[in-house]
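These notes concern the structure reproduced below.
Every value quoted in this text rests on a predicted model; they were computed, and no experiment measured them. Order of appearance sets the numbers: ligands from 1, and atoms from 1 within every ligand.
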Amino acid sequence: MINDIKVFYALIRPYQGKIWMSAIFGSVGGALTGAGLTNGVERLFSNVFSDDRSLSLNEIMLVAAIFPLLFLVIGVSNFLGAYLLHSAGLAAIRDLRVRVFDRLQQLSFAYFQNKASGDLIARITGDTQMLQITLNYVARKFITQPATIIGALYFLGLKAIQNDGVLEIYLCLAALPIVVFPIRHFSRKLSRKAIKQQEEFGGLTQNIAQNLSAAREVRAFNLEERESTRFRDRAAHLYQSQMKVVKYGFSLPPVIETISSIGLSIAFVIGYYQGVAGGVFTGVFLALYFLYTAVKSLGMFAAELSKGAAALKRVEEILQQPIEVAEDPEAKPFGPAKGDIQFDQVDFSYDSSPAVLQSVNARIPGGSICALVGPSGSGKSTFVNLVPRFFDVANGTISIDGRDLRSMPLKDLRQQIAVVSQDPVLFDDTVMENIRLGRQDATDEEVKAAAKDAFADEFIKSLDNGYNEIVGERGARLSGGQRQRLAIARAFLRSAPILILDEATSALDSESEEKIQQALSKLVIGKTVLIIAHRFSTIVSAQQILVFENGRIIDCGPHEELLERCQLYKSLYQRQL
Ligand SMILES: Nc1ncnc2c1ncn2[C@@H]1O[C@H](COP(=O)(O)OP(=O)(O)OP(=O)(O)O)[C@@H](O)[C@H]1O
Ligand SMILES: [Mg+2]
């Protein structure tokens, strides 16, 4: 529990000033309610409603004004107390969310391929939400309960000194330590159940995310019912684990209350035989009751804390995830590059899977075009993904202009590279902004020039809002060929010395395809180009062709040479004819 408190404290530390202020306002409100109101009522009734009723109108008005005034002060204090507390709690959660999001930007590509995006979303939204509830509960109890305990102990001490026989009553406090056991038991259970509940919530979110991204497939394959059934199952599981949290959460108070009542019964019996006066006993009894209640609250506090800690654990998991593609702190600036790329004895594997690339050597001179061919799954995409360090090599080195990639700042390295992928992703923004992603400081004119170079200008102008047309999520409102041309426009705008192209395999209509080919042949001029080509029209013109098979480069050279000596290349070529 102490560790949990430490972690929570670290979260709210920047806002502790607000929390203390909130505590002050909260105690003013509490004190005025407890002492002020009761006291005021008592005095009022004994003075105002005395038998003679001799107060003047002014005096009556003055007395009548006390209540609204008291309530105003109580109301304002309570408001400020709650306001400040939430302001601190919500700010702490905001900070945490931002930290997690920032971390997600730094984590490697591989991390996301192994993680369900819905679960990650749930951690940033749902788990932090749960944390906030805990944070508020904990802060509120932390503020009020210690005061109650101190007050009750003070009173009990005072009575023990003043009265004989009272001290023995405190034997009933021996029942107190017993409550530690149920508190520990239920907190542990709760922590486990809360993790399960949050996992279920993550699963539910993942289910929604996946369903939405596969909207087309769901309809095309009549999967609606299957999807609904799955979702219903998920929702049912979530409900079950939520009810477990409710069960264990609400079991604790009655258990503590029962134990407390036994303690109070003991007090009553001892008090009777010690002959303690009725008035004194009532006070002592009340103080003991307060003490037990405060202990109960602390028990609840522990339970709530373990629930929050479970949520925090899931969030912290992201924060503590090591950054695999790490930046060398001593990296010296790099660029602009000439574009000589060299692979030296490179081995690579995803996770613990068998090697995907083995002893790969390649040299791609600056300004040349290099085509990658080979059967599906032979490692072509993996090879090109290593150049911008989407992944790091297991063994060997990759260098540009003779410098190891790992010795450059990531930003500088990626600045040298433009990537046009098979299935380019667009943001839900205007056409203009989507192209501008290529170089964020480009002017509108530069963006339009790039679009012209990519043969995209014409279709963009025919859109209702031209360059200001919103393309929809992932560019859903554009055709595949249009999306590709926007991606090429981005690459033009970036004008990076190294270009990586994953040629689209999907058949575009011949006009679209021709335009893309034209745009590409202009784009590659003067650049070092790595192209995963599926059309032999592209491949034939490359200065160098790397032939991949099972994660190895089995041959390389220009088209004519390979055609003569490489059996695999020949068969790939013949298949296309
Ligand atoms: N993220 C990943 N995690 C684990 N294994 C992967 C991952 N991506 C690819 N692989 C595996 O690595 C091998 C090489 O994949 P790669 O994508 O590089 O092939 P490719 O040559 O580009 O194929 P294609 O022509 O079909 O695009 C395949 O066996 C594939 O299953
Ligand atoms: Mg591929």
Side-chain angles (χ1 to χ4, degrees), residues 104 106-120 206 210 213 321-325 341 343 345-362 364 369-396 398 405 417-425 480 483-484 487-488 491 498-508 516 520 529-539 542 544-556 562 566-576:
L104 287 180
Q106 294 172 342
L107 287 173
S108 74
F109 219 57
Y111 180 73
F112 299 104
Q113 293 187 336
N114 296 325
K115 276 279 173 207
S117 57
D119 185 60
L120 290 177
Q206 172 64 10
Q210 188 147 48
S213 68
Q321 191 65 32
I323 296 175
E324 283 163 16
V325 177
I341 303 173
F343 277 61
Q345 292 295 333
V346 169
D347 293 334
F348 176 79
S349 64
Y350 295 99
D351 297 329
S352 50
S353 56
V356 174
L357 292 180
Q358 287 176 58
S359 318
V360 165
N361 290 301
I364 301 128
I369 297 179
C370 172
L372 283 68
V373 299
S376 182
S378 56
K380 306 179 294 291
S381 296
T382 306
F383 180 91
V384 298
N385 281 338
L386 293 178
V387 179
R389 282 187 78 194
F390 291 152
F391 305 92
D392 268 339
V393 298
N395 297 306
I398 304 173
L405 299 186
I417 302 170
V419 180
V420 180
S421 69
Q422 251 175 17
D423 189 18
V425 172
R483 277 206 297 274
Q484 275 243 316
I488 293 170
I498 296 170
L499 180 65
I500 294 176
L501 290 168
D502 211 336
E503 211 177 47
T505 36
S506 52
L508 299 168
I516 287 173
L520 286 182
V529 183
L530 285 173
I531 179 164
I532 300 176
H534 300 281
R535 292 178 197 82
F536 268 79
S537 54
T538 322
I539 298 170
Q544 183 182 210
I545 300 158
L546 306 178
V547 185
F548 281 76
E549 187 177 32
N550 289 330
R552 291 175 190 276
I553 297 180
I554 56 161
D555 209 341
C556 70
L562 289 176
C566 180
Q567 210 45 50
L568 175 63
Y569 184 77
K570 204 159 128 187
S571 71
L572 285 170
Y573 180 63
Q574 278 165 349
R575 230 178 287 162
Q576 280 248 325

Any N or O of Ser353 that comes nearer than 3.5 Å to an N or O of ligand 1?
no
Got the closest protein heavy atom to atom 17 (O) of ligand 1, with its distance?
Ser381 CB, 3.6 Å
Evaluate the 4.0 Å heavy atom contact test for atom 24 (P) of ligand 1: does a protein atom fall under the cut-off?
yes
Using a 4.0 Å cutoff against the non-hydrogen atoms of Val356, which atoms of ligand 1 qualify?
12 (O), 13 (C), 14 (C)
the protein heavy atom lying closest to atom 14 (C) of ligand 1 turns out to be Gly377 O, 3.4 Å
Within ligand 1, which atoms have a heavy atom of Thr382 less than 4.0 Å away?
14 (C), 15 (O), 16 (P), 18 (O)
Report, as yes or no, whether the 6.0 Å neighbourhood of atom CD on Gln567 holds more than 12 heavy atoms from other residues, nucleotides or ligands.
no
Atom 30 (C) of ligand 1 touched by protein heavy atom at under 4.0 Å:
no
Test item: Asp555 and Tyr569 side chains (from C-beta on) under 4.5 Å apart, heavy atoms:
no
For Gly379 and ligand 1, answer yes if some heavy atom of the residue is under 4.0 Å from a ligand atom, otherwise no.
yes
Hey, what's the ring geometry for Phe383 with Phe343, parallel, tilted or perpendicular (30° and 60° as the breaks)?
parallel
Among all protein heavy atoms, pick the one closest to atom 26 (O) of ligand 1 and tell me residue, atom and distance.
Ser376 OG, 2.6 Å
With sequence neighbours excluded, what pairs up with Ser376 under the side-chain contact (heavy atoms from CB on, under 4.5 Å) test?
none
Taking the non-hydrogen atoms of Gly374, is any one of them nearer than 4.0 angstrom to ligand 1?
no
Among all protein non-hydrogen atoms, which one is nearest to atom 9 (C) of ligand 1, and what is the separation to 0.1 Å?
Tyr350 CE1, 3.4 Å
Please tell me if the side chains of Glu324 and Asp392 come closer than 4.5 Å, counting only heavy atoms from C-beta onward.
no
Answer whether the closest heavy-atom distance between the side chains of Ile553 and Asn361 falls below 4.5 Å.
no
Would you say Pro388 and Ile498 make side-chain contact, with heavy atoms under 4.5 Å?
no
Nearest neighbour in protein (non-hydrogen) for atom 1 (N) of ligand 1:
Gln113 OE1, 2.5 Å
Atom CD of residue position Gln210 - does it have more than 12 heavy atoms of other residues, nucleotides or ligands inside 6.0 Å?
no
Thr382 backbone or side-chain N/O/S under 2.8 Å from the Mg ion (ligand 2)
no
Using the side chain to side chain contact (heavy atoms under 4.5 Å, CB included) rule, pick out the option among Ile369, Ile341, Leu501, Leu499 that qualifies with Leu530.
Ile341
